[in-house]
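The structure appears below as structure tokens.
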Amino acid sequence: MRTAEGERWHLVEARQVPDPVTGEPAILVQHVDETGRRTAEQTAEAQARFAAELADALETVQRQKQEILMLSAPILEVATGTLALPVIGALDGPRSEEIAARLLHAVVERAARCIILDLTGAATATAGAAEYIAQLVRSLRLLGTRPIVTGVPPALAQAFAEIGADLSGVMMLRSLRDGIRASARRAFN
């Protein structure tokens, strides 16, 4: 019903029953205002639809995040036993951890002997980013692979110096091309 107070929902039920006194047939009419229940059901349905849409959107965002990570830090096999990881974009904590996990898994899975970390496209030059890279280099060494770091931008080189990163024994080169050449020479030595 449309009322001055807005739309209202009513349930009217009529049943034939015997009159309790006379036993004659009678009609029992029952009326219940269902507006509150109906409104609650509609709200619950709308919230369920919204939650499903939100879950779908979050799933899409997560999938896109993984796809972006794969595109911005692909693990490439550049030679037998040599993998290259060109890093493009920021190196914040969660992203660095995901990159490290993927790379360490690939090293073991592909039995890589040499890893080239190309930082030419790295957009972050913070002490935190420098620490993540230094930690990744240490992890790679523990797996028995030789890391080569290429394309270190000046600001990141300064961040390495500021944190006192121990990169002794790590080959540092200007470009990915130089890194690939060096890894090929190391393979024959």
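Predicted model, so just to flag it, every value in this text is computed and none were measured.
Contact record, Pro153 with Ala122: CG-O, 4.4 Å, taken as the closest heavy-atom pair. The shortest non-hydrogen separation linking Thr126 to Ala159 is O-CB, 3.6 Å. When all heavy atoms of Trp9 and Asp33 are compared, the closest pair comes out as O-OD1, 3.1 Å. Heavy atoms only, all atoms of each residue included: Ala127 and Ile163 are closest at CB-CG2, 3.6 Å. Residue Ala182 comes nearest to Leu173 through the heavy atom pair CB-CD1, 3.7 Å, listed as atom of the first residue, atom of the second, then distance. Annotation for Ser96 and Tyr132: closest pair OG-CD1, 3.4 Å, computed over non-hydrogen atoms.
Both Ile133 and Ile99 belong to a common hydrophobic cluster when Ile, Leu, Val, Met, Phe, Trp and Tyr are linked at side-chain heavy-atom distances under 4.5 angstrom. Using a 4.5 Å cut-off between side-chain heavy atoms of Ile, Leu, Val, Met, Phe, Trp and Tyr, with links allowed through other members, Leu85 and Leu176 fall into different hydrophobic clusters. The cluster map of Ile, Leu, Val, Met, Phe, Trp and Tyr, joined by side-chain heavy atoms under 4.5 Å apart, puts Leu156 and Ile116 in different clusters. Cluster annotation: Val149 is not connected to Leu76 through the hydrophobic network of ILVMFWY side chains, with a link wherever side-chain heavy atoms come within less than 4.5 Å.
Although no hydrogens or angles enter the test, the distance criterion places no donor-acceptor pair under 3.5 Å between the side chain of Thr82 and the main chain of Val78.
Ion pairing of Glu41 with Arg37 is present here, as a side-chain N (NZ or NE/NH1/NH2) and a carboxylate O approach within less than 4.0 Å. Looking at Glu45 and Arg38, no side-chain N of the basic residue comes within less than 4.0 Å of a carboxylate O on the acidic one, giving no salt bridge.
Atom CZ in Arg113 sits 10.5 Å away from atom CD1 in Ile115 (nearest 0.5 Å). A distance of 11.0 Å separates CG of Leu11 from OG1 of Thr35, quoted to the nearest 0.5 Å. Put simply, CD on Glu131 and CD on Glu162 are 13.0 Å apart, with the number rounded to the nearest 0.5 Å. From Glu7, atom CD reaches atom OG1 of Thr39 across 8.5 Å, with rounding to the nearest 0.5 Å.
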Handout entry: CA sep, side-chain torsions, deciding dist, call: Arg141, Arg138, side chain to side chain contact (heavy atoms under 4.5 Å, CB included)
Key = CA-CA 5 Å; Arg141 287 173 142 177; Arg138 288 190 299 271; 5.6 Å; no

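Environment of CD in Gln42: crowded, with over 12 heavy atoms of neighbouring residues, nucleotides or ligands closer than 6.0 Å. Around atom CD of Glu13, more than 12 heavy atoms belonging to other residues, nucleotides or ligands sit under 6.0 Å away. Enclosure of atom CZ in Arg110 by more than 12 non-hydrogen atoms of other residues, nucleotides or ligands within 6.0 angstrom is indicated.
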Solution key, residues 164-172 side-chain donor-acceptor pairs under 3.5 Å, sequence neighbours excluded:
residue	atom	partner	partner atom	Å
Asp166	OD1	Ser168	N	3.2
Asp166	OD1	Ser168	OG	2.7

Quick one: side chains of residues 18-32, donor-acceptor pairs under 3.5 Å with protein atoms, not counting sequence neighbours, listed by atom name and distance.
residue	atom	partner	partner atom	Å
Asp19	OD1	Val21	N	2.7
Asp19	OD1	Thr22	N	3.2
Thr22	OG1	Glu24	N	3.2
His31	NE2	His10	ND1	2.8

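Just one residue in the list Thr150, Val152, Ile148, Leu140 forms a side chain to side chain contact (heavy atoms under 4.5 Å, CB included) with Leu117, and that residue is Leu140.
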